[in-house]
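Proteins come first, then strands; the chains are lettered A, B, ... in the order of their sequence lines, and each starts at number 1.
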There are 2 protein chains.
Amino acid sequence: MIGVRFSLYPMTDAFVPVILDAVQGLDRLGLEVEVDDVSTCLMGEEPQLFEALRVAFGRAARTGTHVVMVASFSAGCPGEPEGDVCAPRHVTLAELAQEQWTDNWVAEAYDLPEQVACQFALYPLGIEHYMDVIYREIGGTKEAPVRSRGRHFATHLAGDGGAVFDALRTAFRNTRRDAAHVVMTATISANSPSAPTA
Amino acid sequence: MIGVRFSLYPMTDAFVPVILDAVQGLDRLGLEVEVDDVSTCLMGEEPQLFEALRVAFGRAARTGTHVVMVASFSAGCPGEPEGDVCAPRHVTLAELAQEQWTDNWVAEAYDLPEQVACQFALYPLGIEHYMDVIYREIGGTKEAPVRSRGRHFATHLAGDGGAVFDALRTAFRNTRRDAAHVVMTATISANSPSAPTA
């Protein structure tokens, strides 16, 4: 069981309907959904977390408004407030090989902007060699079909929306091989009036 | 040297001037400022980082629009892309005692909303006992003059804007005693149409 806490920020006076339309029905993807006044938390299986974020981001982006999604993915977090929701779990390579890398998703999950900008960071917790893991995954994004550039405290990705989400998914998945508790933060932006910087 | 990467999300058609007005002149607070199309990175001394974020958030919130600030604070990060900007540094208790806990800030840094909502998370990296540190600092927020509630993957704070920023600053500062490399993420929301949930 892993989860993601995310928010959508549509930069428009009509932000309320954009958000509500974007997250409508995400619980039907097999996820537990908790909403509060700051963010939405999704818990469930890994493919559906990414499916849900792609659906929500795509819907908001298709309104044409400048929209940003900020997400914190978490796997293996101990100490959850409502009990053993996310028991620490060290995913072995063998388990990952068996884990389905499915993207047999609803059609909306593939309807993403042709250009997005993203900044993400990985935090493998509780291990001393965490920087090696981070460097490896940053290197991985440079092999992916996205533009990847180092920034202070983050890696900046740009390119096709689907490719960027795939790069995030790959980095998060790989890092779970190395640490029982992994957090990944990602900021994904579409329709920005600012010129791309990566 | 520590830093923070942040973005402001004003939920209005006029988001561009709100953002530009909010960040105008932050470099005059003695910080290095880097801007790209996703976020703004500030590097400098700890008091000025918080001063700058408070100034920017307060300005945006005073427009009355629903505005959210998302920030990732980082101290002691190794492996920065442009060299030894943030050399790992283990801050000892003695050093912290000498470090100025100043808030002799510009007047705007105190002009914050009476009610904000916040979700934050601490990531002390490279140490095995990181959860003990996190639990301690979550406990600290329950002693602070804010409402504090556990959430999946985050702690939810609500209350006076200045008190919430102070609680964040305290948690980040204390955690730097325990780990050479510390990241803290915070989402701070004002003027939301949603009812408070903490």
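- Between L125(B) and L125(A), the closest side-chain pair of non-hydrogen atoms falls below 4.5 Å.
- The closest side-chain donor-acceptor pair between T197(B) and D37(A) falls under 3.5 angstrom.
- For the atom pair CE of M11(B) and OG1 of T65(A), the computed distance is 10.5 Å after rounding to the nearest 0.5 Å.
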> Are S74(B) and F153(A) close enough, and set up right, to give a side-chain contact (heavy atoms from CB on, under 4.5 Å), and what steps lead you there?
Replying inline: CA-CA 7 Å; S74(B) 183; F153(A) 320 139; 3.5 Å; yes

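- Comparing S189(B), A195(B), S72(B) by how many heavy-atom pairs each has under 4.5 Å with chain A, the most go to A195(B).
- The side-chain heavy atoms of R151(B) and R5(A), taken from C-beta on, include a pair separated by under 4.5 Å.
- For the atom pair S194(A) OG and I19(B) CD1, the distance stands at 7.5 Å (nearest 0.5 Å).
- Residue with the most contacts toward chain B among S39(A), A14(A), S192(A), A198(A): S39(A) (heavy-atom pairs, distance under 4.5 Å).
- When side chains are defined from C-beta on, F15(B) does not count as touching P10(A), because their heavy atoms never get closer than 4.5 Å.
- Heavy atoms closer than 4.5 Å to chain A are found nowhere in H129(B), neither backbone nor side chain.
- The part of V4(B) that comes within reach of chain A is its backbone (N, CA, C, O), which places non-hydrogen atoms under 4.5 angstrom from that chain.
- Using a 4.5 Å heavy-atom cutoff, the side chains of V38(B) and C118(A) are not in contact.
- Residues Q119(A) and D36(B) form a side-chain contact, since some pair of their non-hydrogen atoms from C-beta on lies under 4.5 Å apart.
- Comparing P196(A), P124(A), G126(A), A117(A) by heavy-atom pairs within less than 4.5 Å of chain B, the highest count is held by G126(A).
- Interface check for chain B: of the options V68(A), I127(A), I188(A), the most heavy-atom pairs under 4.5 Å are formed by V68(A).
- Note on L8(A) and V18(A): separate hydrophobic clusters, where clusters join Ile, Leu, Val, Met, Phe, Trp and Tyr whose side-chain heavy atoms are under 4.5 Å apart, directly or indirectly.
- Residues Y130(B) and P78(A) meet the side-chain proximity criterion, which asks for heavy atoms closer than 4.5 Å.
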